[in-house]
Amino acid sequence: MKRVFGQIFGVVLLAGLFSHAALAQTADPTAAANAYVNAPHNWQMWFPEAGSPMQEKIDWLMKYVLWIMAGIVAFVGGLMVYVMLRFNARANKTPALFTHNTLVEVIWIVIPTLLLAVIIVPSISLIYYEADDSNPYMTIDAVGHQWYWEYKYESTPGLDYTSYMIPDDKLQPGDIRRLTVDHPIVVPVGKKIKFNISSTDVLHGFYLPSLGVQRYAIPGTVVTSWTIIPKVGTYYGECNQICGVNHDAMPIEIKAVSMDDYLAWVKVAQANYVMNSFAPNLLSSPMPVNQFADLAVVK
Amino acid sequence: MSSTTHDDHNTHAAHDAHGEHGHAKPSFVRRWLMSTNHKDIGTLYITSAVIGGCVGGILSMIMRAQLMYPHNHIVSSGTEWNAIITAHGLIMIFWMVMPALIGGFGNWFVPMMIGAPDMAFPRLNNMSFWFLVMGFIFVMLGLLIGDGTGAGWTIYPPLDNAKFSPGIATDFSLFSLHLAGISSLLGAINFIATILNMRAPGMTMHKMPLFCWAILVTAFLLLLAIPVLAGAVTMLIMDRNFGTSFFEPSGGGDPVLFQHLFWFFGHPEVYIMILPAFGIISHVVSTFSKKPVFGYLGMAYAMVIIGFVGFVVWAHHMFISGISTDSRIYFEVATLVIAVPTGIKIFSWIATMWGGSIEFKTPMLWAIGFIFLFVIGGATGVVLANAGLDQELHNDYFLIAHFHYVLSLGAVFAIFAGFYYWIGKMSGHPYPEFWGKVHFWTTFVGVNLTFFPQHFLGLAGMPRRYPDYPDAFAGWNFVSSVGAMISGASTAVFFYILYRIFTSKEKLADNYWGEGATTLEWAVPSPAPHHTFEDVPVIQ
Ligand code: HEM
Ligand SMILES: [Cu+2]
Ligand SMILES: [Cu+2]
């Protein structure tokens, strides 16, 4: 873990020095989010570090269920090893012929049922928790397109922009290949953010593993989810429902910043996005080049 | 030897069929292209499963080669990638696992085990098989023509509608499902008729071997599930070609409706693939423990319960499709309930071994491997059934690991258990024991190395159906690909074993497994004669 954070820290330093040169003139209001980057690391064996209370709860329940399951697998595995050692043809020449034992048959129905009950109780409360998207501080529409995301801030008129993956040949030092995007979602820390997830073409998946959020983006309907990010930092996600040729090339990046930075960013973004003058991060094939076409559509 | 017994349209054919008692050999064409014999048709099914497995396997090797390193270029484009993953899923399910377990072993051994002379409708049986072959041609066209079919085996619209998948390839793939579906449906009707009507005197339902129970339940699942798939696929074809909008939001349709229909078929489908495997495992475990199956009735009715409950859990595949909170809770609880009858099966197998005198012949190795790995797959299934956890795990590699543990390490292990168990009965020749064990161990190491690390990838957040991925996922992907290559190499061992079997001069006794093997197929010679029972067997 330490080593990984060390690496991330180094990367972040570099990122701060070199990236987003265009914004450097105005000082990037989201720069603080570079201090903590929650991205997957090589040989990772568990969930990402929880970036939201929801992910904390998922992490907890996962450990809880998985321990019970590990117990069952170990128990069955142990039984099988015992049976193989004790009752192999060499150790036991004459087979017994019993075919019934009411007691064990009842036990192996009752105990699994109890274990399921033990799982179901906390599991259902997690479902209710995840479903509670009431009283958000703000709502962001996340709209899937082939193959980019569009983010529309419902409470900020005119703030409606597209978010493309940085293609491999345009990566800046500090960018993460296949995860960094040109225009991330920016949110204030500690506030409840609701996502209205939908699509204009095919199904997409709005998937943020470190925040515990995932919903399909479905044309013709809006599916909601929500998050709270307590810690300033950068979080990543991916499209997680097959959506065509570039399904693997429409990641999601979220920067959580302080309220002041957020408000500063809104000003910059509003001005820049509306004037279409945001540092053009021109994309090469196979991505479409006219990434700003959507920006002009200010509602 | 009257020729009027069962064929009055074509007395010639009847004559020939009867001639096969050992007198005149039927011509190759007559025997294999117009077969009405359950054993020959079973052999055809098994052969086609081997071919399907090879094609699907080659596709999976291409996929793992592509994923071995990030930013790899084995597969040239996302289009090609999507065509490959789609064909891999479809072929492995409909042209490998199902033909092997149901058409193959089911045809060979269900009539034999219940003491019936053949299937109830021999010509229908032949027709089922050839529909499957046509389906295979169609699914290959769906892979190879133009851009191929790129919507994944779950064929969710709108990605496969006329706008986003304009080529004719997608229509071929959709029709291939119709053809495979008709094949399965006719097969299911045949099995139900055979098992319900053609049991030998004394073979009551409650004496029927568990493999027959398994096929009977499977047949009912097919009978109820396939028509729903057929409906959904027909609606898709209509949307694509005739301007309807069943799943088209702009025309008042709903893409989520398709998901409901698909999984109403799809979840029973996963049990269609595993119940026959359960049946085989029961026979193998009992034979090599030299003990009767523990809790026979519990075993049979556990399958019946799994079949019933399997029809009311489908939306656990749709926890994140925006279904309501109450639906999420209901489908979670219903899904978890299935773990109980599944547990009965696992524990009963262990209890069958308990007190036995276990011999670790190759089929038993596969069966023990099956039980243990299926438990792991079942455990991750229980994890996924938690809607709250599925929100994190859906569609990532944890899910991929889950269903490959129950399929590639479950159903496939059972297929090999059945193969080594029965190949002597089918061919008359023994398999080489040493190489059988080599095959088991190489496969065991290979598939575990392939699929276990995929749990980690899933937890770390790697989505499925990606041809390229962030570099952080490189490590476990590399391990997984190495495992896949070992599994691929183990297939070469399998082909060597096939070669050894078919060139062997050794002859096997009727019951080459000895005291533990008690079902009727062990009472007839090896290989089983063209007409199994000259006299109707009577079961006490
Ligand atoms: C205790 C038994 C099982 C439970 C509780 C269980 C549960 C689940 C759940 C909840 C999912 C959906 C996960 C998601 O989409 O996010 C799933 C997926 C799947 N399961 Fe299972 N499962 C069990 C056994 C099996 C068996 C026996 C098979 C097949 C032999 C199977 C094959 C599959 C397949 C193929 C998928 C993925 C389908 C896809 O999205 O492509 N499962 N399982
Ligand atoms: Cu996608
Ligand atoms: Cu299911």
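In what follows, chains carry the letters A, B, and so on, assigned in the order in which the sequence lines appear, proteins first and then strands, with residues in each chain numbered from 1.
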Do you know which of Gly244(A), Gly212(A), Pro209(A), Ala89(A) has the most heavy-atom pairs with chain B at a distance under 4.5 angstrom?
Ala89(A)
Would you say Asp248(A)'s side chain and Arg465(B)'s backbone share a donor-acceptor pair under 3.5 angstrom?
no
Classify the ring geometry of Tyr466(B) against His247(A): parallel below 30°, tilted from 30° to 60°, perpendicular beyond 60°.
perpendicular
When you measure from the side chain of Asn246(A) to the backbone of Gly78(B), do you find a donor-acceptor pair of N or O atoms at a distance under 3.5 Å?
no
Looking only at Ala351(B), Gly322(B), Gly355(B), Ser348(B), the option with the highest number of non-hydrogen pairs under 4.5 Å against chain A is Gly355(B)
Tell me, side chain or backbone of His71(B) under 4.5 Å from chain A's heavy atoms, or both, or neither?
both
Close contacts, residues 121-129 of chain A versus chain B, judged by heavy atoms under 4.5 Å:
Ser123(A), Ile124(A), Leu126(A), Ile127(A), Tyr128(A)
Would you call Asp201(A)-Lys163(B) a salt bridge at under 4.0 Å N-O?
no
For residues Asn92(A) and Gly356(B), report the shortest heavy-atom separation together with the two atoms involved.
ND2-O, 2.8 Å
So, the part of Glu332(B) with a heavy atom under 4.5 Å from chain A: the answer is side chain
side-chain hydrogen bond (donor to acceptor under 3.5 Å, both in side chains) pairs, two or more places apart, involving residues 367-377 of chain B
none
I'd like to know whether the aromatic ring centres of Phe456(B) and Trp43(A) sit less than 6.0 Å apart in this structure.
no
Distance-only polar pair, side chains of Gln391(B) and Arg215(A), donor-acceptor under 3.5 Å:
yes
So does Thr94(A) get a backbone contact from the side chain of Ser357(B), meaning a donor-acceptor N/O pair under 3.5 Å?
no
In terms of the angle between their ring planes, are Tyr216(A) and Tyr156(B) parallel, tilted or perpendicular, with boundaries placed at 30° and 60°?
perpendicular
Could you tell me which residues satisfy side chain to side chain contact (heavy atoms under 4.5 Å, CB included) with Pro219(A), sequence neighbours excluded, listed by chain and number?
Ser199(A), Leu203(A), Pro158(B), Pro249(B), Pro255(B)
Using a 4.5 Å cut-off on heavy atoms from C-beta on, say whether the side chain of Ile58(A) contacts that of Leu389(B).
yes
Sort Phe347(B) into side chain, backbone, both or neither according to what part of it lies under 4.5 angstrom from a heavy atom of chain A.
both
Among Lys93(A), Gln44(A), Arg177(A), which residue has the highest count of heavy-atom pairs closer than 4.5 Å to chain B?
Arg177(A)
So which of Thr380(B), Leu457(B), Asp396(B) has the largest heavy-atom pair count under 4.5 angstrom toward chain A?
Asp396(B)
Between Ser77(B) and chain A, with a heavy-atom cut-off of 4.5 Å, which part of the residue counts as in contact: side chain, backbone, both or neither?
neither
Please table the atom pairs, donor to acceptor, closer than 3.5 Å between any side-chain atom in residues 102-115 of chain A and protein atoms at least two apart or in another chain.
from: Glu105(A); atom 1: OE2; to: Asn101(A); atom 2: N; distance (Å): 3.3
from: Thr113(A); atom 1: OG1; to: Ile109(A); atom 2: O; distance (Å): 2.5

Taking all non-hydrogen atoms of both residues, which atom of Tyr207(A) and which atom of Gly461(B) are closest, and how far apart?
OH-CA, 3.6 Å
